[in-house]
Amino acid sequence: MDNLPVIVLDFETTGLSPQYGDRAIEIGAVLIENDGIADRFQSLMNPGFRISSFIEAYTGISNDMVETAPPCAEVMQQFAEFMGHYPLVAHNASFDRKFLDLELGLIGKSRNSDMACSMLAARRIYPDAPNHKLGTLVRYCGIHTDGTFHRALADAEMTGHLWLAMINEIKAGYGVTRVPFDLMQKIAGIARVQAPVFLAKVAAGQF
DNA sequence: TGCCAGGCCCTCTTTAGGGCCTT
């Protein structure tokens, strides 16, 4: 096995801020194992109030769809089992972490794994990309899509493939055979000016 | 109902401000 398993997840939500009462309306996640997607999790969830027309248009998730979906608590119970103790990855992880911690907290659970950010890693690994939005990076890396964006499972799958592409980029560019989760976390957290020195150490086998 | 934030990074920085990215 080249890479330790990770869970890549994505939330669709009613807005940007749990502090202002926003809730999750869909979760999608993939288990990345052996350089591919080994398992998937997806569910809409009912936040208990109507979602805005902006979110309906942005995600394609309608009020009718969430009204017939199971409540957040039920979905998050199932997701907690899927998540297990795997390390986690999300694109702009600070956003998904807020909602994950909120929804888990509401059912008396807590996150028990680190979460790495594919966006911060991509800024170091693909500094010349036009920008580091998920959709841009997917095109930049030539990752196949079915054209679906802003739905949780589609975005989680694309982020998963991006994560694998970045691991392969490190392997090919720096001659290393294993790119563990904590190496990717360090790449994501390194300051831009320090990145060349750090990556040279990676190439020299000093990680 | 309609509108909102926050974490991180960068630099013309650190006694700060602004951009990116997520829904």
Side-chain angles (χ1 to χ4, degrees), chain A residues 7-30 42-67 69 72 75-76 79 88-106 111 113-141 143 145 148-163 165-166 184-199:
Chain A
I7 295 276
V8 183
L9 67 93
D10 184 72
F11 279 106
E12 304 306 315
T13 70
T14 63
L16 292 171
S17 178
Q19 304 277 7
Y20 280 71
D22 286 319
R23 297 289 302 273
I25 55 174
E26 187 182 38
I27 185 167
V30 292
Q42 182 275 333
S43 183
L44 290 165
M45 53 185 116
N46 187 343
F49 54 90
R50 291 187 64 79
I51 60 181
S52 70
S53 56
F54 172 82
I55 293 296
E56 283 188 313
Y58 186 80
T59 64
I61 298 170
S62 68
N63 276 289
D64 287 346
M65 291 164 70
V66 295
E67 281 171 10
C72 294
V75 174
M76 292 308 297
F79 179 71
L88 303 170
V89 173
H91 201 69
N92 197 15
S94 65
F95 176 85
D96 292 278
R97 187 189 299 120
K98 285 187 299 187
F99 284 93
L100 178 61
D101 290 347
L102 167 79
E103 298 293 351
L104 288 174
L106 289 172
R111 176 168 52 89
S113 312
D114 283 344
M115 185 181 290
C117 180
S118 57
M119 181 192 74
L120 295 178
R123 284 179 177 171
R124 298 292 166 265
I125 295 168
Y126 302 121
D128 297 327
N131 60 56
H132 298 88
K133 296 177 183 178
L134 179 59
T136 301
L137 289 166
V138 163
R139 285 188 293 274
Y140 186 77
C141 294
I143 293 168
T145 78
T148 304
F149 291 89
H150 305 307
R151 286 298 300 267
L153 183 58
D155 284 5
E157 288 185 354
M158 288 187 288
T159 303
H161 287 300
L162 172 63
W163 191 250
M166 291 193 291
M184 291 293 281
Q185 266 197 315
K186 288 196 174 185
I187 291 171
I190 200 84
R192 187 167 67 181
V193 293
Q194 296 171 328
V197 172
F198 180 81
L199 291 170

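Order of the sequence lines sets the chain letters (A, B, ...), proteins ahead of strands, with each chain counted from 1.
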- request: Using ring pair (Phe, Tyr, Trp, His ring centres under 6.0 Å) as the criterion, list what pairs up with A/F11, not counting sequence neighbours.
  value: none

Extract all donor-acceptor atom pairs below 3.5 Å that involve side chains of residues 184-193 of chain A and protein atoms in other chains or at least two apart in sequence.
none

Rounded interatomic separation in angstrom, taking [atom1] from [X] and [atom2] from [N]:
X      : N     : atom1 : atom2 : value
A/Y20  : B/dG2 : OH    : C1'   : 13 Å
A/R50  : B/dT1 : CZ    : C1'   : 11 Å
A/D101 : B/dA5 : CG    : P     : 20 Å

Where at least one partner belongs to residues 114-124 of chain A, residue pairs that pass side chain to side chain donor-acceptor pair (under 3.5 Å), sequence neighbours excluded: A/H91-A/S118

Name every donor-acceptor pair, under 3.5 Å, that has one atom in a side chain of residues 132-139 of chain A and the other anywhere in the protein, sequence neighbours excluded.
{"unit_1": "A/H132", "atom_1": "NE2", "unit_2": "A/Y126", "atom_2": "O", "d": "2.9"}
{"unit_1": "A/T136", "atom_1": "OG1", "unit_2": "A/N131", "atom_2": "OD1", "d": "2.8"}

Atom pairs, protein N/O to nucleotides 11-14 of chain B N/O, distance under 3.5 Å:
{"unit_1": "B/dT11", "atom_1": "OP1", "unit_2": "A/R192", "atom_2": "NH2", "d": "2.4"}

- line: With sequence neighbours left out, the residues meeting side chain to side chain donor-acceptor pair (under 3.5 Å) with A/T14 are A/D22

- request: Could you pull out all residues at least two apart from A/S62 that satisfy side chain to side chain donor-acceptor pair (under 3.5 Å)?
  value: none

query: Under 30°, 30 to 60°, or over 60°: which ring-plane class applies to A/Y58 and A/F54, parallel, tilted or perpendicular?
result: parallel

query: Does A/L120 or A/F49 map to a spot on DNA chain B nearer the 5' end, using the closest nucleotide for each?
result: A/F49

- prompt: Restricting to pairs with a member in residues 50-63 of chain A, which pass salt bridge (charged side-chain N to carboxylate O under 4.0 Å, His left out), not counting sequence neighbours?
  reply: A/R50-A/E67

B/S/- contact track for nucleotides 16-23 of chain B, protein heavy atom under 4.0 Å: ----BBBB

query: Which part of the nucleic acid does A/R124 contact within heavy-atom distance under 4.0 Å: base, sugar-phosphate only, or nothing?
result: sugar-phosphate

